[in-house]
Structure formats: structure tokens, C-alpha cells
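Input: a single structure, listed below in C-alpha cells.
Side chains are part of it too, since the values below use all heavy atoms of this structure and drop only hydrogens, waters and symmetry mates. All chains are named by letter (A, B, ...) in the order of the sequence lines, taking the proteins before the strands, and each is independently numbered beginning at 1.
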Number of protein chains: 2
Amino acid sequence: MSNAFIDKLCAHVDLSTADIGLLEAECANARDVPARHDLIREGDPSGPLFVILAGWACRYQILPQGARQITAFLMPGDCCDMHLAKNYIMDHSIATLTDSRVASIPRARFENLIATRPFLTQALWWAQLVDEGVLRAWIVSMGRRSSVERVAHLMCELYVRARNMGLTTGDQLELPLSQLVLGDALGLTPVHVNRVLRRLRLEGIMRPRGGVLVIDDITKLALLAGFDEQYLQRKLKRAA
Amino acid sequence: MSNAFIDKLCAHVDLSTADIGLLEAECANARDVPARHDLIREGDPSGPLFVILAGWACRYQILPQGARQITAFLMPGDCCDMHLAKNYIMDHSIATLTDSRVASIPRARFENLIATRPFLTQALWWAQLVDEGVLRAWIVSMGRRSSVERVAHLMCELYVRARNMGLTTGDQLELPLSQLVLGDALGLTPVHVNRVLRRLRLEGIMRPRGGVLVIDDITKLALLAGFDEQYLQRKLKRAA
DNA sequence: CGCGTTTTTGAAGCCCCTCAAGTGTAGTGG
DNA sequence: CCACTACACTTGAGGGGCTTCAAAAACGCG
């Protein structure tokens, strides 16, 4: 049985079979979670560490006036809430976007792994740093890119991340994100997201249809976005 | 001699005197760096780990068209580039904003600390997580807050962070950030930053003057910003 | 089929940007 | 002491990108 999380870590740090065995054991308790279900809510003390094995999830925050801002998309292989401190209070919520399969590692076990497995620690630290790079890229997008560039950049990010996890087929990618969700991630209204998508479709760059994104001209898309995949620290080790 | 970096870590994790001694030794090589000086540039392989002991710095990125987006402000006690992987490529640059005092810890030493000092690892991991929370808060600001709310939120963040480091005097705070720099951080033009600041001044909420920010009504400011300091995971242990 | 959700399109308006010019302040050198 | 320069701050006028409000069309699912 394949495990997206382990695959991702192994792609960047040479983990011993012992380390891999430990991770496999921790992920054995995976359970199915329906779509639109909160894994953890803002204000909660840090619970177990979640690992997404299948499906999509997102981090989000609700503002006083009710607006929602999504701060990250989580896809298979991603994990969240790697807090060591017992008294860490969640500053955001995490919810599934689709039906998902999620493993949870008890905090005590996780702390034990960090204290005793240096290479595993290195791999997890690495994953954390890449996530941070993605956050910075989002800030750059929201601060200095137009709506079209912003949409294009997000699509590039999701495409490369999905490709790294072997989730793409050619220039296609399963993308179960409604225009409302995209708007909440990009800081745009769903109405405007729709107009941007139409423009990208008419220009023959990409077309989302029925939960699947088809990228017709990845070169044009990357150019438009000013996309530089360096920040994802993509290693070619596992590339096809 | 006080060390802002050590103070910050000690405030959240109980470090042994041995751990503290190691950090002190690593920071002994601190040097003065003039304002507007790049500590590390985008595209560089990861060099030493930098620790800001005095002064202000920022992470930033330049877009193809020449626009700049600042993704983080660094103040005394903050450190950057905690990459473990040798082949990590910087996806952004870091520059001083004022004359600063900066220590640098060689990567090999840092990796050794992580591998051998679990409590130190925990403290550094913790600092990393807080930084990540700040990044998420910036995304929320840029996505869903108006320009006034955005400015207010940033000021709240900087005030609380500075207060935690003992850098405030009452409701005052040394804030050596030009309106152009603020604009590049907030995703606004300097012209508009100016108008927002005027509005906040006229409403008797705050007034920046000559590199010093005076907050006249912190309650109103926090309310306007929708500011919840939870995400900074502020511990009261060291508070006055 | 019928209902909720998502997508699509239109019209009007505002927030923030762009362009432009003027003011103030600090530093430098005559 | 006063030019001269550089830079940050300030203010005004006009325009455009995205929002808001509204409603229709298309889709998915019981």
C-alpha cells in the first residue's frame, strides 16, 4: 500500500527502513473523512498531527465580518500541525474540501520521533520549510500580482505540487476547487474568479471543467504568472 | 551582555545553561551591518544562519516587472534561514533596513545543534512555527482586509512583537520604516499608505513621527484591525 | 423531476492606483 | 550661511480593476 506522505519525505531525505517503518506504523490508523469537515478548529489546543493520505483540505480563517480567507491547500502527502509545544493554540482551522483519507499521529509519539530520529526530524523540518516558501509566494501574489497573474500562479503551484506527488496525467490535474473556494484563497470574489477563468480559457491557456483542470499552454501560463518553481525546492530524484 | 535571540527562545522553552552557553558562543562573532545591505540574495545556496541582535531587516522578493514585495519584518531576536538541507536554494532575499548587529551561525554547527540538543531543537522549531503564523496572518490581511485594517493589523503585530522583546516604552515604539517600505509590505502604494496614516492620525488612533510610532488608542487600533494576538503564541512568562 | 449548488453574465460603484506636483527635512559642499 | 541634492512625505485629479448587487443558466444529485 502506497503512502503519499512517506513518498514525499523519501524524495528529499534518505530515510532508513527503520524510519520508514515507524512512519508506516503511525499512519496505519488512517480513517476516511467526508468533505467539508473540520479536522481542527481555531482556538483548539494542538491535538494530534494530521497527515493527508488522499483528498484535498485547506487551512482557513474566518474574519469578524464573516469573510473567509484560505491560507493553504493541502493535498495528499501534506501534513499539518507539527507543533511541539503542548500549549500551542491553533490560530486557524483546517477542513477537508473533498472526501479524504487522513492519518493522525498522537502528539506524544510525534515528539518522541523528533527527539530520537534525527533524519526523520530533518525530513519533517524540510517539509515545513517548503510550506513556508509557499506561504511567502502567496503573500507576493496577493500583494503585487493582478487577478489574472494570481490565478495563473496558483494554478502553476498546484500543478507542480500535484505532479511531484504523481497526481497529474499529462497536462491534466484533478482540481476539485469551486470558484468560491478559489476566490477565498486568492482574495477575490467568486464573480471575478469566474471572469478571470473565462479569459484564460478564451486565450487558450487552460480550462477547468468538471473538477479537472486541463492546461493547454503551460509555457504561457508560467510566463503570465511569473512562476519560478524554485521555491518549491523540487528535487528531480523522483521525477518520471 | 544581553542577547535578544536567547531571551526570546528562553521565554518559551526551558533551555539548560549548557544550551544557552552554546548559543552564546555561536553568537559571539556578531558584526555590524549597515542599512540597506543584503544579507543573502535570492538564488544563493543556503549559507550560514543569521540572527538579528539589533536593528531591523526584512525578507523580500523582486518581481519580473521590478515591483518589490516584503514578506516579513525581522526585529532583534529573530533569526532566518534555518535550512537543514545543504542544497536548499534561497527563494527570496534578506536585507537590513537599518544599521544592524547580526550574528551568523555556520550551517554545519547548526545541523550539529539540531542533531544533538533536543530542547534547543524544540525552541527553534517553536520560533519557526510562530513565524509561519505571522505569514498566515499577512495572507489574511492582504486577502480580506481593507487598506486601513491592513495597516492597523500590521502595527498591532509589530507592537506586540516589539513589546515581547522589551523594545517598547509605554505606547511608543521605534519604527524605522518609511512609507515606501510599508507599502511594499502591505501591497499598497506609498501614496495610499500616506493617506491611510493620515486618516489614523486624524482619528486619534496613532501617529508615526520621525521613526517613532505613538499609539494613542490601542483598543481602537486592535478593534479596527480585528487583531487577535493569539497567533503570536505570546507567552506571558516574561511580560512585565 | 425538483432542489441546492455552482457557474455565468450584466450594470453600477468604490477603493486603490497612476500620474503629477509641491513641501519639508537632512546632509554636503561652496 | 546659503546653494544644492537627495529623499521622504503630502496632497490633488482622474482612471481602472475589482467589488457589489442582481439574476439567469447550468450542473449534480436525491
Side-chain angles (χ1 to χ4, degrees), chain A residues 34-36 56 58 63 65-70 95-99 141-154 174-203 206-214 224, chain B residues 34-36 56 58 63 65-70 97-99 141-154 174-203 206-214 224:
Chain A
R36 291 154 209 258
W56 285 66
C58 70
L63 279 86
Q65 309 86 335
R68 176 175 71 162
Q69 177 65 45
I70 291 175
T96 55
L97 291 167
T98 68
D99 293 344
S141 264
M142 311 197 72
R144 293 294 182 220
R145 280 193 252 263
S146 71
S147 59
V148 189
E149 297 166 342
R150 218 181 293 178
V151 169
H153 198 276
L154 178 62
E174 243 186 84
L175 196 77
L177 308 177
S178 72
Q179 296 177 3
L180 190 143
V181 168
L182 286 175
D184 282 346
L186 294 161
L188 300 170
T189 56
V191 175
H192 201 65
V193 168
N194 183 277
R195 288 191 238 266
V196 169
L197 291 179
R198 175 178 52 177
R199 198 172 134 189
L200 289 171
R201 181 173 4 101
L202 292 180
E203 291 182 14
M206 51 171 253
R207 55 209 144 90
R209 190 143 289 289
V212 174
L213 174 69
V214 182
L224 181 60
Chain B
R36 291 152 211 258
W56 286 66
C58 70
L63 281 86
Q65 310 86 332
R68 176 175 70 162
Q69 177 64 46
I70 291 175
L97 290 167
T98 68
D99 294 344
S141 265
M142 312 197 72
R144 292 292 180 222
R145 280 193 250 264
S146 71
S147 58
V148 189
E149 296 166 342
R150 218 181 294 179
V151 169
H153 199 275
L154 178 62
E174 244 186 83
L175 195 78
L177 308 177
S178 71
Q179 295 179 0
L180 190 141
V181 167
L182 286 175
D184 282 347
L186 294 161
L188 300 170
T189 57
V191 174
H192 201 65
V193 169
N194 183 278
R195 287 191 237 266
V196 169
L197 291 179
R198 177 179 50 176
R199 198 171 134 189
L200 289 170
R201 182 176 359 104
L202 293 180
E203 291 183 16
M206 53 170 253
R207 53 208 145 90
R209 189 142 291 288
V212 174
L213 175 69
V214 182
L224 181 60

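- When the side-chain nitrogen and oxygen atoms of S147(A) are compared with OP1 and OP2 of dC18(D), one or more of them lie within a distance under 4.0 Å.
- Side chains of L213(A) and M206(A) form a contact here, defined as non-hydrogen atoms less than 4.5 Å apart.
- The distance between atom CZ of R195(B) and atom C1' of dG14(D), rounded to the nearest whole Å, is 11 Å.
- Taking atom CG on L180(A) and atom P on dG4(C), their separation rounds to 18 Å, with Å as the unit.
- For the pair L182(A) CG and dT7(C) C1', the computed distance is 12 Å after rounding to whole Å.
- R68(B) has its side chain within reach of V181(B): a pair of non-hydrogen atoms, C-beta onward, lies under 4.5 Å apart.
- Side chains of L197(B) and P208(B) form a contact here, defined as non-hydrogen atoms less than 4.5 Å apart.
- Put simply, the side chain of D99(B) gets close to the backbone of A35(B): a donor and an acceptor are under 3.5 Å apart.
- At the heavy-atom level, R145(B) lies nowhere under 4.0 Å from the strands shown.
- Taking side-chain N and O atoms only, R201(A) has a distance below 4.0 Å to OP1 or OP2 of dT8(C).
- At whole-Å resolution of the value, CZ in R199(A) and C1' in dG17(D) are 11 Å apart.
- Across dT19(D), dT6(C), dT18(C), the shortest atom-to-atom separation from the side chain of T189(B) is found for dT18(C).
- No contact: G183(A) has no heavy atom under 4.0 Å from any strand.
- The CG-P distance, from L186(A) to dT19(D), rounds to 10 Å in whole Å.
- At a threshold of 4.0 angstrom between heavy atoms, the contacts of L188(B) are confined to the sugar-phosphate backbone, with no base atom among them.
- Counting only heavy atoms from C-beta outward, the side chains of R150(B) and R144(B) never approach each other to under 4.5 Å.
- Residue N194(B) places none of its side-chain N or O atoms closer than 4.0 Å to OP1 or OP2 of dC9(D).
- One can place CZ of R209(A) at 12 Å from P of dA26(D), the figure rounded to the nearest angstrom.
- In this structure, L175(A) atom CG and dT6(C) atom C1' are separated by 15 Å, rounded to whole Å.
- We find that NE2 of H192(A) is positioned 14 Å from C1' of dC16(C), with the value rounded to whole Å.
- Between R198(A) and R144(A), the one whose closest nucleotide on DNA chain C sits nearer the 5' end is R198(A).
- Using a 4.0 Å cut-off, some side-chain N or O of Q179(B) falls inside it from OP1 or OP2 of dT10(D).
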